[in-house]
Amino acid sequence: MLKRREEEQPWLRPAGADDLGLRRALAAPLLGALVGAMAFLAALSVAGFLASAEVAAHWQQGAGASLTVQVPHPGAMAGLHTRREAVLAALQATPGLASVRALSEAELADLLRPWLGPDAERLSLPLPAVVAVRLAAPGGVDLAALNAKLQSVAPGTLVEREDIWAMRLAKLARSLELTAGAVLVVVALVAAAVVAVATRAGLSARREAIETVHGLGATDGYIAARFSARITRLAAAGGLLGALLAMPVLMGLSWLAMPFLRGSMEAASATPEEPHWTALLPPELWLLLVVLPVVTAGIGWLTAQATVRQWLRRLP
Amino acid sequence: MIRCERVSLRYSLKDGPDVLRELSFEVPEGGFRWLLGPSGAGKTSLLRLLYLAARPTSGRLSVLGTDIGSASRSKLALLRRRIGVVFQDFRLLPHLSAFDNVALPLRISGRPEGQIRADVNEMLRWVGLYALRHVTPPALSGGEQQRVAIARAVISRPDILLADEPTGNLDEVQAQRLLQLFHELNRLGTTVIVATHNIGLVQDYPAPTLRLQAGRLVEERVTEDA
Ligand SMILES: Nc1ncnc2c1ncn2[C@@H]1O[C@H](COP(=O)(O)OP(=O)(O)O)[C@@H](O)[C@H]1O
Ligand SMILES: [Mg+2]
């Protein structure tokens with residue numbers, strides 16, 4: 001019975017087996033480890049990008065939570081006080097404001113210099129008073145009501161949202177995004193180079209077998225497929241390894257970052273219930289870890305195909 | 001079938017010598033040719049051209065109706081599947097069993113795995129190696145390796161069979177058996193060209209000859225001996 005089975009099954013290789021002996025010819029552990037390291041770096045740079053975008057978004061909200069109040073003719077009297085004093089008093093009496101501060105003349109001149117030139121201070125323009133107001137929380141104040149109130153105290157007063165900082169932050173976030181993108185491209189290129197070097201080593205190690213198979217009528221596609229099948233598997237394994245290594249690091253970082261991203265101080269100081277472990281990473285990072293092996297596999301396949309086909313050009 | 005018109009071959013394109021010089025000859029479908037000449041005359045180089053391992057440097061070479069100088073790479077690959085080659089050094093894949101070595105041409109041409117086994121086993125029985133089908137070449141004797149090489153060369157029933165000094169590693173009895181096999185295949189319609197030093201064999205199996213000397217065709221004897 002056993003003997004008969006052996007008769008039917010034995011030494012018959014499974015379909016798609018290793019005609020060219022690549023299992024030995026390709027340095028599997030080294031290739032897997034190097035691709036894994038690249039995948040790890042790629043995961044960190046993508047995570048860095050996502051984190052900087054998120055932090056920037058929070059900061060922008062913070063910057064949005066400030067107002068500028070302009071009081072024309074600040075020295076003119078409004079009842080018992082100057083218009084400036086009246087506006088300041090009205091602001092201080094408004095709930096929901098974290099701080100109220102009138103800018104000094106020098107600060108004002110600094111702000112105006114870009115428009116009025118270096119002589120801003122000496123111009124005898126009637127400058128308005130400028131009051132910087134920080135809100136306790138974004139959107140924590142009814143802007144229309146505040147405006148109406150200040151108009152009644154000192155007609156002509158302007159309330160403006162501050163967004164210079166928001167613009168600067170947008171620029172910073174954009175730069176971080178470009179940097180992360182550049183890092184990602186470099187990492188991908190290095191991964192492709194690693195695969196190309198390993199493929200070339202495999203090609204020279206199996207040169208005779210390849211020439212024989214070529215001589216038996218194998219097309220470039222047949223030979224390239226043997227290599228890319230093996231390399232794609234190794235690269236996918238490397239990507240998986242990198243993703244597995246990156247997972248605890250990313251979880252640790254996002255655990256540390258969580259209080260800041262959640263916003264308010266109470267959330268930071270409150271001790272929340274143990275979160276479910278899947279909540280330790282935002283969904284986009286989970287997606288990243290899943291996609292990573294697919295991407296390294298793709299890079300492996302493309303690079304192996306291109307390298308082998310180019311090498312085969314030496315044969316007629 | 002095979003037609004050479006002033007075919008020359010140079011290995012190094014810059015300043016190397018012409019290894020083959022303006023060869024012109026024809027081998028009709030189903031023909032048999034001995035390829036003779038002293039060592040270094042260019043026999044192996046000519047066979048390399050004929051099994052499409054090189055393209056002519058100049059002249060026109062046509063094999064199985066295709067102009068080799070201008071054919072695409074994929075066209076050449078398809079043509080190679082119709083040409084069986086027996087090398088003096090066998091060129092078996094050392095990591096594959098005898099079975100897998102013989103099956104290789106069928107797998108390369110995309111034959112489904114289910115159709116391969118019966119043919120390969122039959123071929124292995126025919127060359128007397130069925131019992132050793134799972135052994136890899138390094139564990140086989142020279143004669144056994146050669147039989148694997150022959151089985152691989154003819155498994156896909158090629159239109160052309162080329163052999164480069166195939167009897168170099170064989171004793172007299174094995175050499176005779178091999179030649180009987182070649183003649184049998186030739187009788188069934190395969191075009192056969194055998195490069196050899198073995199004048200005894202040539203006398204035992206008289207056939208038209210191509211004789212090379214220093215890269216030139218010095219004699220083409222087409223008249224068949226009785
Ligand atoms: N790959 C090669 N590169 C350069 N010269 C070669 C190569 N192969 C053969 N030759 C030269 O071509 C000539 C013919 O060799 P070859 O075809 O092997 O002759 P034969 O098979 O008749 O002994 C010899 O001078 C040999 O040195
Ligand atoms: Mg030779």
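Keep in mind it's a predicted model, so treat the numbers as computed, not measured. Throughout, a chain's letter reflects where its sequence line sits, starting with A, and its residues are numbered from 1.
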(request) Indicate whether any N or O donor in one side chain lies under 3.5 Å from an N or O acceptor in the other, for B:Asp164 and B:Thr44. (result) yes
(message) With no hydrogens and no angle check, just 3.5 Å: does a side-chain donor-acceptor pair link B:Thr57 and B:Tyr11?
(response) no
(request) Say whether, by atom type as modelled, one donor and one acceptor occur between the side chain of B:Arg21 and the main chain of B:Gly215 under 3.5 angstrom. (result) no
(request) Indicate yes or no: at least one non-hydrogen side-chain atom of B:Val63 is less than 4.5 angstrom from one of B:Tyr51. (result) no
(request) Answer with side chain, backbone, both or neither: which region of A:Thr212 has an atom nearer than 4.5 Å to a non-hydrogen atom of chain B? (result) side chain
(request) Could you look at B:Ile83 and say if it's the side chain, the backbone, both or neither that has a heavy atom under 4.5 Å from chain A? (result) neither
(request) Spell out the residues in residues 301-316 of chain A that have some non-hydrogen atom less than 4.5 Å away from a non-hydrogen atom of chain B, in order of number; otherwise answer 'none'. (result) A:Leu312, A:Arg313, A:Leu315, A:Pro316
(request) Can you measure from CG (A:Leu203) to CZ (A:Phe227) and round to the nearest 0.5 angstrom? (result) 4.0 Å
(message) Are B:Leu104 and B:Val102 packed together at the side-chain level, in the sense that at least one heavy-atom pair is separated by less than 4.5 angstrom?
(response) no
(request) Please determine, among B:Arg73, B:Arg55, B:Arg81, B:Arg152, the option with the most heavy-atom pairs under 4.5 Å with chain A. (result) B:Arg73
(message) Using 30° and 60° as the class boundaries, would you call the ring planes of B:His183 and B:Phe32 parallel, tilted or perpendicular?
(response) parallel
